[in-house]
Amino acid sequence: MDFLSIFSFLGFTLLVAVIAWYATRSTNEKSSDGYFLGGRSLTAGVIAGSLLLTNLSTEQIVGLNGSAYKDGLSVMAWETLAAMAMVVTAIFLLPRYLKGGLTTVPQFLADRFDVSTKTITSGLFLTGYVVVLLPVILYSGSVAISGMFDVPGMFGISESSALIYCIWGIGVIGSIYAVFGGLKAVAVSDSINAVGLIIGGILIPIFGLMAIGDGSVTHGLDVLMSANPERFDSTGEKGQEVPFVTIFTGMMLVQLFYWGTNQQIIQRALGAKNLAEGQKGLLLAAFLKILGPIILVLPGMIAYYYFDGGLSSSDLAYPELVRAVLPKTLVGFFAAVLFGAILSSFNSVLNSSVTLFGIDIYKQHINKDASEVTVVKYGKIFGICLALAAMFIAPLIANAGSLFNYLQEINGIYSIPIFTIIVIGYLTKRVPAIAAKIGIFSGSALYILSQFIMKPHFVDKALEEAKNAGITDPAQLNLVEADAYPHYLHVMAILFVMNCIIMLVIGKFCPRKEAFELKYTEQVDISPYKYVKEVGIAIVLIVVGIYIYFAK
């Protein structure tokens, strides 16, 4: 990488850090709510930019484009259906969150069920963050940065040493943002990086289309669509990552959990200055999310044509395309944007972890009389310990193999049980706390039994029988595997229904003595955005229209 690229990378990164630091100085963050939520002062634009960038990191940018390289347009469901989930969150969930004055999602569970339910849920979130999510973000981000800057060649060190240096570099910088800056610094830096990510992300498909279209973007798109028209099918088939039928089962449940109940994401909207700003932020993010496939799907499809489907691994699609089509003068800027996306995912998860520990565990169970300053202090200490643990664990992932699909699947261990008890909690008034506890443990246990014991057994047996029958074609074996056991998104939907039934039956025979009522704490104005339903319906219709247009 030349001097100009390094200079542009450092310059853009430093600019974002300075602006974020200045923004934190303009707000009073002495209280625990102020530290964790930026004093509930976030506006619609900041919320939208922060939401968009929070879930964009190297595992999404590289992984989803790799899926598009393999399966085509059908994987856009991970992005377009997110828009519909955000509409549901804006209309149904956010008004209830802000009415109850929540700073964390598990706080609602304490009010609706009991404190132990909240603690169990917070523990599940934190376990998933420190064992899986934080180390994966650090590892995948470090692989990308090390490769783009050729760190081993630049410093004359081994690839493993370069990886460790990058992991600790990203971890330290991300920790400073999240632990010492609070949500305000994270959200402001996210918003700035979101602009850069959108610009840089769009440049990749533009230059890619120009490369295959003799300098013309429109001609390149015509060439791409005419060469492989079957790959522009919005309806995935059996054996692909997102079969069309999964859209109506587990896919929407995963999206609703992620965008409506996951502390890492919803914390942005919980920091809104009022309900109207929060709803406008979610709706703006939802509309922009519809454009997400341009950044996260189209480059993978371009790479399939550009490299004639000849890459050794689908995960190489995005980095190879960037290296092939992006002008050298823009590499530094794009590296800075990607670095910002990595930091965003890391520090948003870390900030959410600090919030969960400080409010839901330390204040609740360790020191109930702790002052707000003390809660913030020990929350920061916990955040530092969490970051250090993730930095030590991250290098071990190098031997874990491909992670993208595995991560989507493993998150179901806690996502569906938590989503189930939140839905039942809001839709019913007399389902007791014991039902929530049983729902959490039964949901997690049954999912583990299904995906990590039963599925391997049935899949291995089916593949062995197929090979004994002389079937060796990879495509046929892929279909055999798909038929051997239900798709994990279907399993999530089945377990969601089962958990709901279990909780409702318990509520029928062992109801709580008093009906639950959500009280208005008057912490923020909960007057809704007057066009929230109209805009929400428009976004849903656009998503449906896109699917109909591209359906084959």
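Both backbone and side-chain heavy atoms feed into the values below; hydrogens, waters and symmetry mates do not.
The closest side-chain heavy-atom distance from I204 to Y318 is below 4.5 Å. A 4.5 Å side-chain heavy-atom check between V245 and T249 finds every atom pair outside the cut-off. Annotation: side chain of Q255 is not in contact with side chain of T80 (no heavy-atom distance under 4.5 Å). Considering only heavy atoms from C-beta on, L81 comes within 4.5 Å of M252 through its side chain. Under the 4.5 Å side-chain criterion, counting only non-hydrogen atoms from C-beta, F232 is in contact with M301. Under the 4.5 Å side-chain criterion, counting only non-hydrogen atoms from C-beta, I422 is in contact with L109. Side-chain contact between V535 and Q279 is absent, with no heavy-atom pair separated by less than 4.5 Å. Side-chain contact check for I502 versus I506: some heavy-atom pair is nearer than 4.5 Å.
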Taking distance alone, no hydrogens or angles, what donor-acceptor pairs closer than 3.5 Å link side-chain atoms of residues 446-459 to residues at least two apart or in another chain?
unit_1	atom_1	unit_2	atom_2	d
Y447	OH	E409	O	2.6
S450	OG	Y485	OH	2.7
Q451	NE2	E409	OE2	2.7
K455	NZ	E409	OE2	3.4

Side-chain donor-acceptor pairs under 3.5 Å in residues 83-92, sequence neighbours left out?
unit_1	atom_1	unit_2	atom_2	d
T89	OG1	A85	O	3.0
T89	OG1	W259	O	3.4

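Rounding to the nearest 0.5 Å places CD1 of I434 at 8.5 Å from OG1 of T117. Taken from NZ in K289 to CG in L291, the straight-line distance is 10.5 Å, to the nearest 0.5 Å. Annotation: the span from I440 atom CD1 to T121 atom OG1 amounts to 3.5 Å, rounded to 0.5 Å. The distance from the CD1 atom of I295 to the CG atom of L64 is 11.5 Å, given to the nearest 0.5 Å. I539 contributes atom CD1, which lies 9.0 Å from atom CG of L288 (distance to the nearest 0.5 angstrom). Rounding to the nearest 0.5 Å gives a distance of 8.0 Å between CG of L256 and CG of L93.
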Under the side chain to side chain contact (heavy atoms under 4.5 Å, CB included) rule, what do T261 and Y97 come out as? Steps first, then yes or no, please. CA-CA 10 Å; T261 66; Y97 288 153; 3.7 Å; yes

TODO: Evaluate the criterion side chain to side chain contact (heavy atoms under 4.5 Å, CB included) for residue pair L163 and Y139; output intermediate values, then yes/no.
DONE: CA-CA 8 Å; L163 184 65; Y139 172 75; 3.6 Å; yes

Run the side chain to side chain contact (heavy atoms under 4.5 Å, CB included) check on R96 and F108 step by step: do they pass?
-> CA-CA 9 Å; R96 289 161 175 79; F108 162 72; over 6 Å; no

query: After noting the C-alpha distance and the side-chain angles of F257 and Y414, does the key distance pass the side chain to side chain contact (heavy atoms under 4.5 Å, CB included) rule?
result: CA-CA 10 Å; F257 166 79; Y414 66 92; 4.0 Å; yes

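Heavy-atom minimum distance, T246 versus V242: OG1-CG1, 3.7 Å. Minimum interatomic distance between P299 and I294 (heavy atoms only, all atoms of both residues): CD-O, 3.3 Å. Minimum heavy-atom separation, A484 to A462: CB-CB, 3.6 Å. Closest of all the heavy-atom pairs between P293 and M76 is CG-CB, 3.9 Å. The nearest pair of heavy atoms linking M251 to A77 is CE-CB, 4.0 Å. Pairing each heavy atom of I170 with each of S142, the nearest pair is CD1-OG, 3.8 Å.
Looking only at distances, a side-chain donor or acceptor of S226 sits under 3.5 Å from a matching main-chain atom of V223. Remark: side-chain polar atoms of T428 are paired, donor with acceptor, to backbone N or O of I424 under 3.5 angstrom. At distances below 3.5 Å, not a single donor-acceptor pair connects side-chain atoms of S216 with backbone N or O atoms of G213.
Not counting sequence neighbours, S234 has no partner by the side-chain hydrogen bond (donor to acceptor under 3.5 Å, both in side chains) test. Here S158 pairs with S160, S161 under the side chain to side chain contact (heavy atoms under 4.5 Å, CB included) rule; sequence neighbours left out. Here A162 pairs with S146, V151, P152, I157 under the side chain to side chain contact (heavy atoms under 4.5 Å, CB included) rule; sequence neighbours left out. Residues passing the side-chain hydrogen bond (donor to acceptor under 3.5 Å, both in side chains) test with H487, sequence neighbours excluded: none. For the side chain to side chain contact (heavy atoms under 4.5 Å, CB included) test, residues two or more places apart in sequence or in another chain that qualify with S74 are D71, Q240. In this structure D114 satisfies the salt bridge (Lys or Arg N to Asp or Glu O under 4.0 Å) test together with K437, sequence neighbours excluded.
Taking the six-membered ring where the residue is Trp, F244 and Y547 present tilted rings, their angle falling between 30° and 60°.
Residue pairs meeting the side chain to side chain donor-acceptor pair (under 3.5 Å) criterion with at least one member in residues 462-483, sequence neighbours excluded, are K238-D483. For residues 283-308, the set of pairs meeting the ring pair (Phe, Tyr, Trp, His ring centres under 6.0 Å) definition, not counting sequence neighbours, comprises Y69-Y304. Each salt bridge (Lys or Arg N to Asp or Glu O under 4.0 Å) pair with one or both residues in residues 118-131, not counting sequence neighbours, appears once here: K118-D360. Among pairs with a residue in residues 491-511, those fulfilling side chain to side chain donor-acceptor pair (under 3.5 Å) read S442-N499, at least two apart in sequence or across chains.
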